[in-house]
2 protein chains.
Amino acid sequence: MNTIDALPKAELRQQFNKTGLRFTPQREAVWRLFESDPAGFTIAQVTAVLAPQKIGQATVYRTIRALQDLGYLKWVHDRSGEHRFVASRPGHSHMLVCRLCSKAVECSDCDLSVLEKLIASQTGFAVEGHHLEFFGLCPECS
Amino acid sequence: MNTIDALPKAELRQQFNKTGLRFTPQREAVWRLFESDPAGFTIAQVTAVLAPQKIGQATVYRTIRALQDLGYLKWVHDRSGEHRFVASRPGHSHMLVCRLCSKAVECSDCDLSVLEKLIASQTGFAVEGHHLEFFGLCPECS
DNA sequence: ATCATTATTGATAAATGTTGTCAACTATGA
DNA sequence: TCATAGTTGACAACATTTATCAATAATGAT
């Protein structure tokens with residue numbers, strides 16, 4: 001229920017090529033890493049894990065940004081306030097982050113439109129979008 | 001309606017002293033800066049603005065962290081994804097950030113409990129808290 | 001008001017984190 | 001198979017954040 005389904009290699013290649021980017025072994029390795037753990041990783045962790053495979057840190061930075069732009073990576077915050085990246089699917093969604101195991105799951109169908117209307121009427125603010133992270137305990141850690 | 005009321009000097013001093021911290025001219029200068037602009041500042045901006053007053057960057061870092069711990073500073077994200085700090089009042093609240101003027105206003109009475117219950121029933125996730133930022137257009141920029 | 005205590009300051013260095021450069025390499029579409 | 005053009009990794013350059021420490025100054029007690 002939590003881990004997202006593995007992304008077919010062909011689909012990932014297609015996503016890269018669509019925007020003129022190339023599908024390289026290094027980029028696939030980075031993506032596979034994120035796919036392997038729903039808790040996600042910080043940039044430092046990714047470079048550390050992939051260093052033995054001789055993947056340079058510049059490549060890690062570039063790949064993470066590319067995956068972000070494609071919508072396959074979203075960020076959440078540690079309790080320490082640090083960025084952590086998590087595999088996801090393109091499109092808007094919210095993240096539920098477990099306080100204990102750090103696992104992050106997407107919550108895409110949670111509607112905030114009611115709240116946005118309330119805000120509009122109370123403050124005159126025309127809400128166009130939002131970033132929302134929940135933290136708490138996942139079913140396994142409860 | 002947007003800018004928060006100026007914080008009395010005595011109250012700020014009290015807040016610092018309460019936790020064993022001291023109320024110094026440097027710390028007051030940092031706070032006054034944040035109080036002066038509801039759009040907030042990045043750390044780099046604060047150090048740049050206060051450099052002529054001979055306030056070291058280490059002091060800026062320390063003071064911002066202290067103000068954060070006291071609850072008087074909250075962070076929001078730029079469109080570029082960067083941290084920006086904004087003056088606020090202690091306690092939980094959400095931030096409304098204007099896309100044009102970057103002004104940030106607090107929205108403390110927006111209830112997410114309904115949404116949290118919905119999430120709990122749908123995912124089994126026990127929500128304990130959240131971080132929520134809205135972006136859009138403030139009344140003046142609409 | 002004075003004083004001793006002890007947190008704070010600024011300068012500097014050290015440590016991290018991020019981006020730029022470029023020749024060699026390789027994925028891609030023709 | 002081939003030419004094109006994006007990609008790689010090593011390294012340098014740059015930016016950001018933290019640690020150190022002697023001198024200074026805010027605080028509570030007197």
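Chain identifiers are assigned alphabetically (A, B, ...) following the order of the sequence lines, protein sequences preceding nucleic acid strands; residue numbering begins at 1 within each chain.
A/L12 places its CG atom 15 Å from the P atom of C/dA27, with the value rounded to the nearest Å. Between the CD1 atom of B/I43 and the C1' atom of D/dT18 there is a distance of 12 Å, given to the nearest Å. With rounding to whole Å, B/Q45 atom CD is found 11 Å from D/dT16 atom P. Atom pair B/E28:CD and D/dA25:C1' shows a separation of 15 Å (rounding to whole Å applied). Going from atom NZ of A/K9 over to atom P of C/dT28 covers 10 Å, rounded to whole Å. As rounded to whole Å, 15 Å separates atom C1' of D/dA25 from atom CD1 of B/I55. Atom-to-atom, CD of A/E82 to C1' of C/dG17 comes out at 11 Å; the value is rounded to the nearest Å. Straight-line distance from the CG atom of B/L50 to the C1' atom of C/dT9: 14 Å, rounded to whole Å.
The aromatic rings of A/F34 and A/F85 sit perpendicular to each other, their planes meeting at more than 60°, with 30° as the lower class boundary. Ring-plane geometry between B/H83 and A/H83 is classed as tilted, the angle between the planes lying from 30 to 60 degrees on a 0 to 90 degree scale. The aromatic rings of A/H77 and B/H77 sit tilted, their planes meeting at an angle between 30° and 60°.
Nearer the 5' end of DNA chain D, as judged by each residue's closest nucleotide, is the contact made by A/T63, out of A/T63 and A/Q57. Along DNA chain C, the nucleotide closest to B/Q53 and the one closest to B/G20 are compared, and the more 5′ of them pairs with B/G20.
No side-chain N or O of A/H131 forms a donor-acceptor pair with one of B/H131 less than 3.5 Å apart.
Counting atom types as modelled, A/R62 pairs a side-chain N or O with a base atom of D/dG9 as donor and acceptor under 3.5 Å.
The phosphate of D/dG9 (OP1 or OP2) has a side-chain N or O of A/Q26 nearer than 4.0 angstrom. Using a 4.0 Å cut-off, some side-chain N or O of A/R65 falls inside it from OP1 or OP2 of C/dT19. In terms of phosphate contacts, A/Y61 brings no side-chain nitrogen or oxygen within less than 4.0 Å of OP1 or OP2 of C/dT19.
Residues A/R99 and B/E128 are paired through a salt bridge, judged by an N-O separation under 4.0 Å between the basic side chain and the carboxylate.
Among D/dT7, C/dT9, C/dA11, the nucleotide with an atom closest to any side-chain atom of B/R27 is C/dT9.
Shortest non-hydrogen contact noted between A/P139 and B/G124 is CG-O, 3.5 Å.
At least one side-chain heavy atom of B/D69 sits less than 4.5 Å from a side-chain heavy atom of B/R65.
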Check nucleotides 27-29 of chain D against the protein and report each pair of N or O atoms closer than 3.5 Å, with its distance, or say if there are none.
{"residue": "D/dT27", "atom": "OP1", "partner": "B/N17", "partner atom": "OD1", "Å": "3.3"}
{"residue": "D/dT27", "atom": "OP1", "partner": "B/F23", "partner atom": "N", "Å": "3.0"}

